[in-house]
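Report on the structure given below.
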Amino acid sequence: MNKSARDFEDRKRREFLARVGKILDIDRHRAEEAFHIELQSSLRINRLTEISVPEIFARLEQAEVELEPIPWRDDAWHLLSDKKAVSQSAFFEQGYTYLQNASSLAPVAILDPQPGESILDVCAAPGGKSSDIASRTGNQCRLWLNDSIQPRIDKLREVVAQFHVKAEQITDYPGQYLTKHLDETFDRILLDAQCSGEGMIDLNHPRALRFWSLARIRKFARLQEKMLSEAFKLLRPGGVLVYSTCTLAPEENEAPVDRLLRICPTATLEPIGIDLPGGRPGVTGWENRRFDKRLEHAVRITPSIFYETFFVCRIRKEE
């Protein structure tokens with residue numbers, strides 16, 4: 001990398017860390033530490049196999065896979081062993097376990113899907129949260145999976161097959177134009193939105209910020225506003241919509257939800273009902289913009305060894 005390129009990367013890093021510090025209310029040193037953490041995986045047991053959760057857990061113990069319980073999920077554990085001990089084993093290949101970051105376990109837990117319900121996953125690929133919904137409901141829900149990016153749909157179909165998920169429909173509709181393609185409504189909707197992915201940035205890599213920019217954040221924010229509005233239109237009265245991202249930017253997190261609350265009188269935010277480690281309330285203002293005070297019910301997960309940066313909120317459509 002030449003001097004000009006290094007200088008550019010250094011400026012981006014300073015800009016990124018300044019924003020991180022402002023959002024999280026921490027100094028630059030702590031902001032830098034937060035994005036140098038080597039994240040550890042967590043493990044969720046799939047209930048859709050012929051083997052029970054206790055038996056799968058017992059087999060993992062026999063294989064000397066070291067696990068630590070996740071207090072708010074009775075079917076998931078932090079993985080203390082080498083990730084390859086699971087990812088390259090029959091536990092994963094045969095669909096008994098799914099490896100994911102612990103933060104990504106939160107949206108489905110907060111959605112709280114129930115058997116017999118009609119459920120839409122708007123940005124379903126690669127399929128981790130979709131398979132979680134199916135597992136929690138015992139495949140006893142009408143599950144509609146959608147994703148607008150065709151290569152990701154191919155991966156979604158693989159996960160659906162590997163983890164024994166019964167999907168009523170798999171579609172590739174653009175999330176911002178859902179109502180042009182769907183004329184039915186749903187009891188619960190998960191919108192784990194496409195985002196700038198700040199939560200996955202690892203500053204241990206020299207070009208970690210090559211795709212990061214304020215312009216990219218604003219682009220995603222406009223898309224997220226449209227997707228959230230469309231998803232809410234497809235929610236039945238009394239239904240629940242969970243909106244989540246793996247980014248820090250208030251423009252992508254609180255701002256789209258604030259807009260929904262302002263334009264849709266039947267939309268309201270509920271407490272998520274789970275005590276998430278490192279969880280903080282959503283912000284009620286950013287720069288010169290004030291947000292609806294109900295955004296305090298949203299939760300921001302701050303980065304730690306098992307949890308990547310995440311935002312999640314639970315939206316109810318009043319009857």
Side-chain angles (χ1 to χ4, degrees), residues 5 8-9 11-24 31 35 103-104 107 121-126 129 146-153 155-156 171-181 189-203 205 207-234 241-264 282-283 285-292 295 298 300-301 303 308-313 315:
F8 178 70
E9 290 297 322
R11 285 196 301 273
K12 285 187 75 172
R13 181 176 290 237
R14 288 194 297 272
E15 183 181 15
F16 172 72
L17 290 173
R19 271 180 59 94
V20 168
K22 188 175 180 181
I23 294 167
L24 297 179
F35 285 85
S103 292
S104 67
D121 190 347
V122 178
C123 300
K129 297 175 185 69
N146 181 76
D147 202 280
S148 62
I149 304 172
Q150 191 57 52
R152 287 169 58 88
I153 287 281
K155 177 60 178 177
L156 176 63
T171 52
D172 58 358
Y173 304 140
Q176 66 271 38
Y177 303 120
L178 281 176
T179 57
K180 291 184 178 180
H181 302 280
I189 297 176
L190 174 61
L191 174 53
D192 185 53
Q194 300 166 29
C195 69
S196 60
E198 290 173 323
M200 294 181 286
I201 288 174
D202 181 358
L203 292 180
H205 299 287
R207 298 196 63 209
L209 296 171
R210 63 190 181 279
F211 298 121
W212 180 85
S213 70
L214 293 180
R216 189 165 186 258
I217 286 169
R218 294 184 189 110
K219 177 183 176 182
F220 275 111
R222 291 191 293 271
L223 174 64
Q224 290 148 356
E225 284 186 356
K226 294 174 182 177
M227 289 197 294
L228 187 54
S229 176
E230 286 289 280
F232 189 75
K233 291 173 186 175
L234 297 175
L241 187 161
V242 166
Y243 175 72
S244 60
T245 77
C246 59
T247 194
L248 265 172
E251 296 92 337
E252 299 181 68
N253 293 335
E254 288 88 354
V257 181
D258 176 73
R259 178 178 179 273
L260 180 73
L261 293 172
R262 294 181 189 281
I263 66 174
C264 298
V283 300
W286 173 246
E287 296 183 333
N288 296 321
R289 182 172 173 181
R290 303 305 303 168
F291 299 139
D292 191 300
L295 275 155
R300 288 174 161 271
I301 302 175
E308 68 184 13
T309 297
F310 224 81
F311 172 87
V312 61
C313 67
I315 304 166

Can you find a pair of side-chain heavy atoms, one from [X] and one from [Y], that are under 4.5 Å apart?
X    : Y    : answer
N146 : D121 : no
P126 : L156 : no
C246 : S103 : no
I217 : R19  : yes

Between [atom1] on residue [X] and [atom2] on residue [Y], distance to nearest 0.5 Å:
X    : Y    : atom1 : atom2 : answer
D292 : L261 : CG    : CG    : 5.0 Å
L295 : R290 : CG    : CZ    : 11.0 Å
D202 : M200 : CG    : CE    : 11.5 Å
I201 : S196 : CD1   : OG    : 7.0 Å
L241 : L228 : CG    : CG    : 6.0 Å
Q224 : Q176 : CD    : CD    : 11.0 Å

Just by modelled atom types, is the [Y] backbone N or O under 3.5 Å from a matching donor or acceptor in the [X] side chain?
X    : Y    : result
E198 : L248 : yes
E308 : P303 : no
D172 : I149 : no
T171 : Y173 : no

Any idea which heavy atoms bring [X] and [Y] closest together, and the distance?
X    : Y    : answer
A31  : G21  : CB-N, 4.2 Å
A249 : I23  : CA-CD1, 4.4 Å
T245 : E252 : CG2-O, 4.0 Å
P256 : P250 : CD-O, 4.3 Å
C123 : A193 : SG-CA, 4.3 Å
F291 : A255 : CE2-CA, 3.9 Å

| said: Using the side chain to side chain donor-acceptor pair (under 3.5 Å) criterion, which residues pair with S213? Sequence neighbours excluded. | reply: none
| When you look at L190 and V122, which way does the side chain to side chain contact (heavy atoms under 4.5 Å, CB included) test go after all the steps? | CA-CA 6 Å; L190 174 61; V122 178; over 6 Å; no
| side-chain contact (heavy atoms from CB on, under 4.5 Å) partners for Y177, two or more places apart | P174, K180
| message | Going by side-chain contact (heavy atoms from CB on, under 4.5 Å), name the residues that satisfy it together with C264, two or more places apart in sequence or in a different chain. | response | F232, L260, A267
| side chain to side chain contact (heavy atoms under 4.5 Å, CB included) evaluation trace for T247 with T309 | CA-CA 6 Å; T247 194; T309 297; over 6 Å; no
| message | Suppose the criterion is salt bridge (Lys or Arg N to Asp or Glu O under 4.0 Å): which pairs have a residue in residues 209-224, not counting sequence neighbours? | response | none
| message | Could you go through R289 and D258, starting from their C-alpha distance and side-chain angles, then the distance that decides it, and tell me whether this counts as salt bridge (charged side-chain N to carboxylate O under 4.0 Å, His left out)? | response | CA-CA 10 Å; R289 182 172 173 181; D258 176 73; 3.3 Å; yes
| request: Could you tell me how the ring of Y243 sits relative to the ring of F311: parallel (under 30°), tilted (30 to 60°) or perpendicular (over 60°)? | output: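 The rings of Y243 and F311 stand perpendicular, inter-plane angle above 60°.
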| request: Could you tell me whether K12 atom NZ has more than 12 heavy atoms of other residues or ligands within 6.0 Å of it? | output: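 Yes, NZ of K12 has more than 12 neighbouring heavy atoms, counting only those of other groups under 6.0 Å.
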| query | Can you name the ring-ring contact (aromatic ring centres under 6.0 Å, His included) partners of W286, sequence neighbours left out? | reply | none
| remark: Sorted by chain and residue number, the ring-ring contact (aromatic ring centres under 6.0 Å, His included) partners of F310 (sequence neighbours excluded) come out as none
| query | Where do F35 and R13 land on the side chain to side chain contact (heavy atoms under 4.5 Å, CB included) test, with the steps shown first? | reply | CA-CA 11 Å; F35 285 85; R13 181 176 290 237; over 6 Å; no
| task | Look at E254 together with R300 and state whether they make a salt bridge at an N to O cut-off of under 4.0 Å. | result |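 Answer for the salt bridge query: yes.
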| Salt-bridge contact E230-K233 (side-chain N to carboxylate O under 4.0 Å) |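 Yes.
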| said: Quiz question: by atom type and distance under 3.5 Å, do the side chains of D192 and S244 form a donor-acceptor pair? | reply: yes
| task | Identify which one of R152, K129, K155 satisfies the salt bridge (charged side-chain N to carboxylate O under 4.0 Å, His left out) criterion when paired with D147. | result |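 It is R152, the one option of R152, K129, K155 that forms the salt bridge (charged side-chain N to carboxylate O under 4.0 Å, His left out) with D147.
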| query | Which is it for L203 and L209 under the side chain to side chain contact (heavy atoms under 4.5 Å, CB included) test, yes or no, and what are the steps along the way? | reply | CA-CA 8 Å; L203 292 180; L209 296 171; 4.1 Å; yes
